[in-house]
Amino acid sequence: MRRTRLGDALLDERVTDGPSLSLAYLYPDLMNLYADRGNVTCLQRRCAWRGIELRVTTVAWGDSLDEPQDMYVIGGGQDRQQRAASDGLRHRHADCIGRDVADGAAMLAVCGGYQLMGRSYRDADGTVMDGLGIFDMETVHPGADVARCIGNIACRWQGAHLIGFENHGGRTFLGAGASPLAEVVKGFGNNGRDGGEGAVAGTAVGTYLHGSLLPKNPHLADHLLTMALRRVAPEYSLAPLDDDVEWRAHRAALGIAGVSERR
Ligand code: GLN
């Protein structure tokens, strides 16, 4: 187990006089398509700017993980990498993750990582990978000869938009125990049919949005931090940040997706 502090330079300049959070960043060596790593950097920056310490533990496939965590992040990956990730998650890390998420730890799982947090993923070759069942859902890849879901995606979420980029072959169908995270405005989302994007189960959030997702969706970044802080420091509320640049990026991405803003 290695402990990395992605925002060291910044943290050193700031007084971390707020609460302290722990985050396990799962399998960055296997699951880091489209710079999903930026989601962790974004969370760490938004904490540091507020005097919150976010201790990031990078968890590789063979690492042990016993200490309770306040947050989990996992990115996307290709089918081959997902097979290894599925194996590692189930045999090494399922207990820790399941225990903490049931206890209110926040989770962000993106694309391939999202699929593996469901019950199962059947990949393009027909190999079925078992997931952790954090989300009541199943994902099926219809085969390499069927068009992938690729492109800029915009969704409605909590009266605002989420914006990102999707590229997945798998089609995800939610069961009764999970709700969609957002409503697709432009793009495919979970399966290109029912208008749902991503999943929510308690404090766990799954999504097909790559990107990096959080730097240009700062409201979702703060939502995850708020959920994680709820049990660590229930009285604490996140101070607003001067994130005009992030919102400009958000609006630019919305424009690229061809969606006009309605906030
Ligand atoms: N391999 C998965 C699929 O094609 C996930 C891809 C991804 O994470 N972008 O559906």
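Computed over heavy atoms, backbone and side chain alike; hydrogens, waters and symmetry mates excluded. For ligands, and for the atoms within them, numbers begin at 1 and follow the listed sequence. Note that the structure is a prediction, hence the values are computed from the model and not measured.
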Inset, instruction - If the plane angle is over 60° it's perpendicular, under 30° parallel, otherwise tilted; pick one for Tyr114 and Tyr208. - result: perpendicular
Legend entry - Residues Asp87, Arg92: salt bridge by 4.0 Å N-O rule: no
Inset, instruction - Distance to 0.1 Å, residue and atom name: give those for the protein heavy atom nearest to atom 7 (C) of ligand 1. - result: Cys111 SG, 2.9 Å
Legend entry - Pair Arg50 + Asp222, salt bridge at N-O below 4.0 Å: yes
Inset, instruction - State yes or no: are the ring centers of Tyr72 and His93 separated by less than 6.0 Å? - result: no
Legend entry - N or O contact, Gln115 vs ligand 1, cut-off under 3.5 Å: yes
Inset, instruction - Check ligand 1 against Tyr121 and write out every atom of the ligand that is under 4.0 Å from a heavy-atom position of the residue. - result: 1 (N), 2 (C), 3 (C), 4 (O), 10 (O)
Legend entry - Residues Arg119 and Asp136 bridged, charged N to O under 4.0 Å: yes
Legend entry - Region of Met31 that comes within reach of ligand 1 [heavy atoms, distance under 4.0 Å]: neither
Legend entry - Atom CG of Asp95: over 12 foreign heavy atoms under 6.0 Å: no
Inset, instruction - Return a yes/no value for Gln78: is any of its N or O atoms, backbone included, closer than 3.5 angstrom to an N or O of ligand 1? - result: no
Legend entry - Per-atom contacts, ligand 1 versus Gly76 - under 4.0 Å to a heavy atom: 8 (O)
Inset, instruction - Run the numbers for me: atoms of ligand 1, each under 4.0 Å from some heavy atom of Arg148, listed by number. - result: 3 (C), 4 (O)
Legend entry - Short N-O contact, Asp243 and Arg248, less than 4.0 angstrom: no
Inset, instruction - Considering only non-hydrogen protein atoms, determine which one is nearest to atom 6 (C) of ligand 1 and report residue, atom name and distance to 0.1 Å. - result: Gly77 O, 3.3 Å
Legend entry - Shortest protein heavy-atom distance from atom 2 (C) of ligand 1, along with the residue and atom involved: Gln82 OE1, 3.1 Å
Inset, instruction - Mark up the atoms of ligand 1 that fall under 4.0 Å of a heavy atom belonging to Gly170, in ascending order. - result: 3 (C), 10 (O)
Inset, instruction - Would you confirm whether the ring centroid of His250 sits within less than 6.0 angstrom of the ring centroid of His219? - result: yes
Inset, instruction - Would you mind listing which atoms of ligand 1 come within a distance below 4.0 Å of any non-hydrogen atom of Gly169? - result: 3 (C), 4 (O), 10 (O)
Inset, instruction - Using a strict 4.0 Å cut-off to heavy atoms of Leu33, name the atoms of ligand 1 that fall inside it. - result: 7 (C), 8 (O), 9 (N)
Inset, instruction - Inspect the surroundings of CZ in Arg231 and state if more than 12 heavy atoms from other residues, nucleotides or ligands are less than 6.0 Å away. - result: yes
Legend entry - Under-4.0 Å heavy-atom contact with ligand 1, by part of Asn167 that carries it: backbone
Inset, instruction - For Gly112, counting its heavy atoms only, list the atoms of ligand 1 lying under 4.0 Å from any of them. - result: 5 (C), 7 (C), 8 (O)
